[in-house]
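Hydrogens, waters and symmetry mates are skipped; everything else that's a heavy atom, side chains included, is used. Every chain is numbered from 1 and lettered A, B, ... according to where its sequence line falls, protein lines coming before strand lines.
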Amino acid sequence: MAIGGLTTNALLYLDNVSVTFDGFRALNALSLSIDAQEMRAIIGPNGAGKTTMMDVITGKTRPNQGVAVFEASHDLTKLDEASIAELGIGRKFQTPTVFEMHTVEDNILLALKTDRRPFPTLFSKRTKAEKERIDALLERVRLTGSRDRKAGELSHGQKQWLEIGMLLAQEPKLLLVDEPAAGMTDQETADTADLLREIAKTASVVVVEHDMVFVRDLGVKVTCLHEGSVLAEGSLDAVSTNERVVEVYLGR
Amino acid sequence: MLSVEDVSLYYGSSRALRGVSVTAAAGEVTCVLGRNGVGKSSLLRAITGQRPISGGRITLEGKEIDGLRPYDRAALGVAYVPQGREIFPLLTVKENLETGFAPLKRKDRSIPEDVFDLFPVLKSMLGRRGGDLSGGQQQQLAIGRALVTRPKLLVLDEPTEGIQPSIIKDIGRAIRYLRDKGTMAIVLVEQYFDFAQELADRFIVMERGEVVESGDAKALEGDDVRQRLHF
Amino acid sequence: MSRYRFLDGAGMIFLAVVLAMAALIPASNLLLPPDSWLHVPDHMVPLLGKYLAFAMLALALDLVWGYCGILSLGHGAFFALGGYAMGMYLMRQIGPRGVYGNPVLPDFMVFLNWTELPWFWLGFDHFWFALLMVVLVPGALAFCFGWLAFRSRVTGVYLSIITQALTFALMLAFFRNDMGFGGNNGLTDFKDILGFPVQAQGTRAALFALTAFALAGSYLLSRWVVTSKLGKVVVAIRDAESRSRFIGYRVEHYKLVVFTLSAMLAGIAGALYVPQVGIINPSEFAPANSIEAVIWVAVGGRGTLVGAALGAFLVNAGKTWFTGVLPSMWLFALGGLFVLTTLLLPKGVVGLITDLFGIRRKSELPAPTAPAAPAKAAPAE
Amino acid sequence: MRLIGLRGATLGLLIAIATLLGGPASPASADPVDDALARFAADKYDETDKAIEGLVAASAQNGQAIFEAMSAGRLLYDPESKTVLIKDAGGALVLAKTGDPAPQALAAKPLKTVRLNNRVRRSLEAASGAFALQAPDPQKRIGAARAIFKTREPTALPAIEAALAKEKDASAKQALEAAKAAIILARQDAPEADRIAAADIVAAVGDQDALAALRTLPANTPPAVKQAAEAGVASIERWLGVANVVQDVTYGVSLGSVLLLAAIGLAITFGVMGVINMAHGEMVMIGAYATFLTQGFIRDYVPALSGASLILAIPVAFLVAGAVGVLIERTVIRFLYGRPLETLLATWGVSLILQQAVRSVFGPTNREVQTPEWLQGSVSFLGVSLTWNRIAIVLFAMAVFFALMLLLKRTSLGLRVRAVTQNRRMAASMGIRTPWVDAMTFGLGSGVAGIAGVALSQIDNVSPNLGQSYIIDSFLVVVFGGVGNLWGTLVGALSIGVANKLLEPFAGAVLGKIILLVAIILFIQKKPRGLFALKGRAVEA
Amino acid sequence: EETIKIGILHSLSGTMAISETTLKDAMLMLIEEQNKKGGVLGKKLEPVVVDPASNWPLFAEKARELISNQKVAVVFGCWTSVSRKSVLPVFKELDSVLFYPVQYEGEESERNVFYTGAAPNQQAIPAVDYLMKEEGVQRWVLAGTDYVYPRTTNKILEAYLKDKGVAQEDILINYTPFGHSDWQTIVSDIKKFGSTGKKTAVVSTINGDANVPFYKELGNQGIKATDIPVVAFSVGEEELAGIDTKPLVGHLAAWNYFQSVDTPDNKAFIEKWQAFTKNPKRVTNDPMEAHYIGFNMWVKAAEKAGSVEPDKVIDALPGIEQANLTGGVSKMLPNHHITKPVLIGEIKDDGQFDVVEKTDDLVPGDAWSDFLPGSKDLEADWVAKKCGNFNTKTGKCGGQGS
Ligand SMILES: Nc1ncnc2c1ncn2[C@@H]1O[C@H](COP(=O)(O)OP(=O)(O)OP(=O)(O)O)[C@@H](O)[C@H]1O
Ligand SMILES: Nc1ncnc2c1ncn2[C@@H]1O[C@H](COP(=O)(O)OP(=O)(O)OP(=O)(O)O)[C@@H](O)[C@H]1O
Ligand SMILES: NC(N)=O
Ligand SMILES: [Mg+2]
Ligand SMILES: [Mg+2]
């Protein structure tokens with residue numbers, strides 16, 4: 001299949017994507033490709049355009065130019081958020097966003113992969129399988145004890161976990177994870193890395209993080225963005241010795 | 001400078017702080033450590049007056065401040081860098097910084113050059129709306145904004161969250177610089193252990209709303225504290 | 001599914017009360033002698049019926065506002081449209097008994113020299129057709145309006161204000177005599193419904209009972225909707241619309257379903273209202289009426305269904321009472337009531353009741369809890 | 001028929017003028033004047049009419065004074081002796097005929113006032129108007145010439161020509177020429193060429209009256225003249241077509257300014273602070289009542305300032321409405337921040353209370369707010385006439401708008417207001433005294449609404465319902481423009497105003513408004529956050 | 001002590017409070033007066049005031065409350081036609097009596113209602129006659145608020161004017177919504193319409209709130225009464241109290257009563273009113289006089305019937321005479337309308353009217369207009385025919401139907 005004159009086997013393919021806000025170029029002819037079951041770490045200075053890139057992929061922001069192709073056949077720049085989610089792209093936001101008025105359990109329930117149309121939803125009954133899955137997910141994100149609390153009452157870090165749980169519940173093909181380790185202790189960070197590696201066995205994952213320990217932990221290919229385009233790509237060691245990366249990002 | 005004694009705090013009927021005590025002295029960094037949800041942010045909310053406390057005492061330079069409104073505490077020199085940044089989204093970067101003028105005398109109403117030295121990116125984005133900044137840029141703005149008020153007590157809630165490594169180093173340098181001026185007491189909540197260890201003069205570790213360990217910087221070197229932060 | 005029971009305590013009580021009213025009030029009115037102290041006087045029956053119709057409107061509104069976060073300031077329009085559909089049926093039933101004695105044309109048409117019934121009046125002589133229109137017309141309008149607005153992601157006050165503009169435009173349109181709905185005077189002087197004289201006490205009692213049943217039915221329907229998974233999705237949309245989208249819910253479809261359903265319920269309420277009060281006119285479309293409906297919901301307790309109905313009942317009963325005993329001061333009383341409710345009862349009357357009787361949801365916290373202690377300091381909130 | 005009577009009066013008048021122009025009037029015999037004066041005492045409009053006619057015909061020496069007294073309702077008569085008297089501005093009685101002081105005996109009698117109706121008033125105007133062709137003030141001469149242009153009274157021709165001969169002032173001369181042309185155009189006996197030339201002159205005047213003059217030619221007018229007239233009609237109509245659009249737009253701007261004024265306070269309390277302020281209209285109403293009270297106070301205690309009472313009402317209205325606003329904020333609104341929907345309920349209650357309070361104190365009926373002299377009347381330019389009070393409202397609305405803009409954008413109060421409304425808790429931690437800022441902001445919004453009341457008192461009812469009639473439009477304007485954007489409110493108000501006025505001529509007021517509402521509903525689909533929507537992630541945050 | 005209750009059903013809040021509150025006060029005064037005279041049939045009268053709040057369904061509800069709950073003997077109330085339409089079925093059902101004091105569109109005659117305001121033939125037509133005769137008006141603007149009273153009145157006037165040979169192009173009809181406040185366009189249209197050389201007048205059925213901005217615009221755009229006179233049917237002393245009338249001097253109104261009418265009865269009435277309201281500047285108006293007449297007729301009828309029972313009073317009322325305040329004697333007709341003088345007044349600069357014309361005889365109110373095709377054959381007669389819509393063509397009761 002070809003969209004925009006491209007032929008590709010990549011799960012996600014961004015080509016020449018630019019985004020401009022009032023004259024400011026947040027993304028500048030960005031091209032990137034993620035394979036199926038690949039995990040990719042994205043690093044880059046604050047304001048490099050990492051979150052904006054995720055916005056483009058999930059349909060929140062429309063690029064001024066370029067294409068974003070998913071599974072070689074869907075042009076994401078033409079779809080809305082819900083359709084993109086339905087295609088199997090899930091996202092965790094930089095600042096945790098959960099359904100604050102719902103219980104932790106219901107947050108997971110709502111995220112479970114099911115028929116999303118109104119009428120099937122109206123008539124749906126919770127199955128045993130669903131219940132088990134919810135239990136397992138809650139266990140996984142260590143919120144079993146808080147399952148009946150309102151999500152709004154959770155602490156910052158707990159919300160991060162809950163959001164990861166919701167992401168897992170969607171069983172997406174591609175996970176976009178924006179700074180999952182922010183506000184977590186070192187132990188939790190390591191734990192998150194384990195979780196992501198596990199997920200990556202069955203799905204593709206794009207992780208944005210500033211925590212180099214975490215990124216090293218992941219042990220995957222790293223892309224460094226700068227001023228809206230790719231500055232360096234490769235193993236963490238290779239990227240982190242790149243002069244420019246040190247200069248604009250890591251510091252001395 | 002700051003002394004928190006036996007403070008309790010509730011959210012509705014759930015208790016987030018139980019008799020927490022901590023002190024912070026000028027020219028020192030006091031680090032608050034602990035896992036998610038143990039009450040670190042709640043402690044800072046108690047200090048800044050964002051949340052009422054239900055027991056205990058908070059004093060600043062000997063003066064009881066726990067009954068004061070947040071703006072009165074700000075006038076006494078308490079500055080707050082909250083978790084989640086809380087930038088004024090529709091104000092420009094410059095205007096965000098200028099909100100810090102409120103507790104100042106008219107003649108002091110200028111943005112200290114330090115701020116731009118520490119965070120040059122702010123200078124280049126003065127006219128952009130705060131809400132449009134990237135997460136890390138907002139974090140820098142939040143710290144810069146707190147500094148505009150020329151605080152005596154600077155309270156930072158996970159200031160490195162979402163910040164690129166080079167700037168974390170800058171922030172570390174900034175905190176050290178502020179500490180070394182010797183006039184400011186700093187309370188820092190931090191999950192990033194190495195960072196905390198590097199800066200802390202004293203620390204406390206919290207668990208379930210209580211202080212379970214405290215001491216000076218040396219104590220952080222052992223594995224003890226690290227252990228506490230693990231599951 | 002233990003936590004969202006289909007019927008909670010308040011719901012049971014509510015249903016019991018409404019159904020008891022449906023049975024007891026007509027019985028007392030028709031069977032007991034007028035001097036019995038248990039007798040419900042004749043004029044009370046349509047009055048209570050009106051309150052119940054308003055309660056149904058409030059219920060419909062709470063469905064969209066309380067659960068879906070759509071603050072409709074134009075729900076009166078759907079109510080009025082349902083009312084007009086019923087009014088048109090009742091008008092046609094007058095037949096040659098109008099003042100001009102025209103067997104086909106309602107009086108106001110004769111008097112404006114119309115010679116033929118306009119096409120949109122055709123069919124309204126059949127009760128089933130009118131009934132269909134009672135539901136379809138508000139439903140179709142809500143569907144079209146909602147389809148446009150939700151698809152374009154009009155939300156918040158923008159949505160509220162265009163719903164207000166909608167009802168305002170309809171009010172002006174129905175005011176126009178050229179529209180063929182009787183202009184400012186509207187439709188009135190009804191005689192029969194299904195062959196029974198509307199003014200007969202028996203018909204009144206039957207209409208009342210019907211309204212009570214309709215209210216109970218709408219409550220059950222609404223309750224079923226909000227306790228279903230769709231109800232949860234809708235609440236999720238209310239609290240974090242864009243998050244719901246990223247999970248894959250088509251927000252516009254959900255809103256449309258609830259909005260249309262709500263408009264249909266409002267239409268039925270309007271249809272039940274008209275034969276009991278005896279007039280439908282464009283002022284039912286007045287924006288202030290819709291705002292008042294919102295206020296009933298807020299007074300009773302938004303997002304509780306029972307509260308909405310209770311609020312409608314209380315405010316209207318209060319209004320009846322105040323306008324009678326304090327004719328030149330009652331606005332102080334009503335206005336004061338609204339202010340005090342907001343300040344003292346942030347969760348409405350139902351919130352107060354549940355707080356008083358401790359029917360609150362248990363809150364499980366990981367940390368041991370202690371009773372809420374009074375705040376020592378009171379910082380700015 | 002009455003028209004004939006009218007003509008007669010004018011005719012007599014013009015003869016009198018001709019005599020006046022011809023040289024010193026011959027000493028009038030006492031009889032006709034006495035005759036005429038006696039008719040006033042008949043207390044019949046017909047007789048009064050004849051009296052005026054008679055006075056003019058006799059060129060009564062005191063005529064001008066009598067006419068003036070008459071239109072001011074100061075012409076009296078004694079029903080018994082039929083003596084006619086003038087009560088002069090000072091209240092002293094003088095004899096109408098001579099201007100000599102009246103005998104004491106008469107003053108003690110029950111005197112009656114000579115009554116006027118429209119017909120008599122018209123005769124009176126014509127009578128004094130004809131004198132005006134000779135008036136020293138050129139504006140008065142122009143007015144008189146215009147009046148003749150309108151009536152095209154053929155008998156006025158000699159007077160016009162006489163006046164023309166003496167006229168020095170260019171614009172007065174032009175007006176007289178036009179009047180002369182209008183008469184000649186309609187005259188059967190004038191040469192064809194003159195009439196054609198006259199048609200051109202009349203056409204050049206280019207207004208509705210000219211159109212009337214060109215259209216109402218006698219049946220047997222020669223074709224060439226007719227043609228010239230038709231050409232004139234066509235050119236005027238072409239111009240009037242343009243003028244109509246100009247007029248509609250001008251009226252639209254004027255309506256837009258009213259909407260702007262009404263909405264601008266709401267743009268603060270609702271747009272900036274997020275309070276769904278249903279009591280906004282009542283703040284406007286309070287401003288209007290403050291104007292009423294201020295005027296009354298000034299009238300009673302410092303009448304010297306009467307002309308400026310409206311100006312003085314502005315600060316009063318601002319302070320009164322602002323104070324009420326602060327009171328409401330401190331007692332009600334402040335408990336509701338973060339619960340915007342509940343402000344709807346509470347402010348609705350407040351609005352009911354305020355309405356009833358005003359009704360109880362001032363009564364349910366309208367109160368009269370006067371329009372100062374300098375705001376009365378209208379100006380015409382290019383065929384569009386706009387009343388002074390509307391012009392004043394346009395200017396005033398703009399002034400208020402820009403002052404407010406400056407306040408919010410350029411002062412530290414403005415910055416604090418915006419900070420508090422965007423994040424109240426954080427603002428407090430920055431040292432901003434949020435309660436004070438909240439009270440000031442709500443007070444400011446209410447005060448501005450009060451100022452709007454001053455302006456609206458000039459064009460609308462000052463009644464307890466005043467506020468209700470603006471609340472819906474105000475919300476519509478603020479939302480249409482984009483909440484939180486003052487520019488949006490400005491552009492929103494003006495565009496709604498202009499659209500409304502462009503629709504009104506062919507759709508009518510009712511349908512026009514319906515179309516406008518539907519258009520706004522559809523427009524919001526295109527711009528779901530209003531005309532001047534804020535964009536970017538800052539908004540979603 | 002047993003009393004006779006009198007219901008007063010006038011809006012004290014909402015849009016109509018501005019007009020109706022005065023009528024409530026007037027009724028209270030009349031009742032107080034009557035009680036000083038000893039009441040009716042030896043019993044004191046007790047007013048029962050409720051507030052239907054300008055809300056039409058609430059009118060019906062309150063009427064029901066007054067009649068069935070409070071057991072009032074008679075109700076004085078309503079202003080707008082829609083409020084009257086709303087309460088009609090209630091009065092019929094519960095068989096009570098309503099006195100309706102406001103000029104209205106006619107086309108109605110109900111057994112339970114007594115219409116003491118003007119029917120169109122007692123206000124509109126005489127006003128137009130006056131303008132034609134006295135001012136030579138040839139071109140007409142019929143401007144009204146878009147509801148049934150102006151619509152009907154204008155329909156009648158249009159038919160009447162055409163009858164008198166006025167061409168279609170010389171009639172301009174314009175409707176505006178309730179509370180219309182921006183009159184720039186319409187006033188300037190009127191100006192244009194009036195500048196053809198033919199004498200033009202405006203017949204205004206503009207209602208309530210919209211009048212003040214209308215007259216203000218008129219004054220400011222410099223349309224003087226001598227250029228284009230406006231004759232209004234809904235503008236009285238009360239409405240003018242809110243306007244600076246100096247620029248409006250000479251514009252007209254047609255009513256059956258003006259405060260300025262100089263009769264001893266009127267003088268006494270005004271004095272009592274001003275004393276009752278403790279306001280020496282308080283004005284009186286036409287609907288107040290209508291209540292004055294209606295109330296006194298009801299008292300006389302009750303005394304004649306020896307009972308306040310509605311059925312008896314209804315039968316007793318036709319034929320009752322009551323001196324009105326302008327010097328004539330009004331009579332209740334079998335069609336439940338009354339005879340009234342028609343007065344044309346010009347606005348004076350003190351907000352009062354100068355009566356410039358008064359019909360010589362009292363004009364009987366006509367329930368069914370002779371100028372509308374649907375009603376010209378209808379006639380109301382509750383005495384002989386016991387029918388409100390008797391068809392003189394078919395000789396049957398029941399409208400046009402056969
Ligand atoms: N709506 C907008 N208007 C103007 N500038 C914007 C807007 N949205 C984003 N930007 C700018 O675009 C740039 C990219 O932002 P983005 O959030 O993608 O950065 P990031 O790489 O995610 O940074 P961080 O690591 O700090 O989260 C930033 O400089 C930001 O200020
Ligand atoms: N607004 C709130 N309402 C109710 N409970 C709350 C609220 N905020 C926090 N809590 C609860 O109080 C406890 C302490 O929260 P706090 O935010 O102080 O934790 P923290 O130590 O800062 O955690 P993190 O590292 O995740 O930010 C947690 O259990 C949390 O769920
Ligand atoms: N009857 C009237 N004036 O509405
Ligand atoms: Mg980011
Ligand atoms: Mg925290």
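Options C:T323, C:D189, C:I279 differ in how many heavy-atom pairs under 4.5 Å they form with chain E, and the most are formed by C:T323. For the options E:P57, E:S83, E:S68, heavy-atom pairs under 4.5 Å to chain C are most numerous at E:P57. Among C:T188, C:V277, C:I280, the residue making the largest number of heavy-atom pairs under 4.5 Å with chain E is C:T188. Between chain C and the options E:K155, E:E105, E:E65, the largest number of non-hydrogen pairs under 4.5 Å is found for E:K155. For the set E:S369, E:S86, E:A60, E:A53, the count of heavy-atom pairs under 4.5 angstrom toward chain C peaks at E:S86. Contact tally against chain E (heavy-atom pairs below 4.5 Å) for C:N289, C:V110, C:V99: the top residue is C:V99.
There is no contact between C:F108 and chain E, counting heavy-atom distances below 4.5 Å. For E:L58, the part lying under 4.5 angstrom from a heavy atom of chain C is the side chain only. Proximity to chain C is absent for every atom of E:K24, based on heavy atoms less than 4.5 angstrom apart. Residue C:P282: no heavy atom, backbone or side chain, is found under 4.5 Å from chain E. When heavy atoms are compared at a cutoff of 4.5 Å, E:L378 approaches chain C solely by way of its side chain, counted from C-beta outward. Only the side chain of E:E110 comes within less than 4.5 Å of a heavy atom of chain C; its backbone N, CA, C and O stay farther away. In this structure, chain C has a heavy atom under 4.5 Å from the side chain of E:P177, while its backbone stays farther away. E:T152 touches chain C through its side chain: at least one heavy atom from C-beta onward sits under 4.5 Å away, while N, CA, C and O do not.
The shortest distance between side-chain heavy atoms of E:L12 and C:M329 does not fall below 4.5 Å. Under the 4.5 Å side-chain criterion, counting only non-hydrogen atoms from C-beta, E:W56 is in contact with C:N184. At least one side-chain heavy atom of C:T320 sits less than 4.5 Å from a side-chain heavy atom of E:K62.
A salt bridge does not link E:R64 to C:D42: none of the charged side-chain nitrogens sits closer than 4.0 Å to a carboxylate oxygen. Using a cutoff of 4.0 Å between basic side-chain nitrogens and carboxylate oxygens, E:R151 and C:D178 are scored as salt-bridged. C:K319 and E:E61 are not joined by a salt bridge, as no carboxylate oxygen comes within less than 4.0 angstrom of a charged side-chain nitrogen.
Atom CD of residue E:E93 and atom NE2 of residue C:H43 lie 12.5 Å apart, to the nearest 0.5 angstrom. Atoms OG and CG, from C:S283 and E:N55 in turn, are 6.0 Å apart once rounded to the nearest 0.5 Å.
Side chain of E:K85 to backbone of C:L187: no donor-acceptor contact under 3.5 angstrom is found.
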Can you check side-chain contact (heavy atoms from CB on, under 4.5 Å) on E:D146 and C:L172, steps first, answer last? CA-CA 10 Å; E:D146 190 9; C:L172 292 174; over 6 Å; no
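The two residues E:S13 and C:L331 have their closest heavy-atom pair at CB-CD1, 3.6 Å.
Ring orientation note: the planes of E:F178 and C:F175 are tilted relative to one another, at an angle of 30° to 60°.
The local environment of CZ in E:F276 is crowded, with over 12 non-hydrogen atoms from other residues, nucleotides or ligands closer than 6.0 Å.
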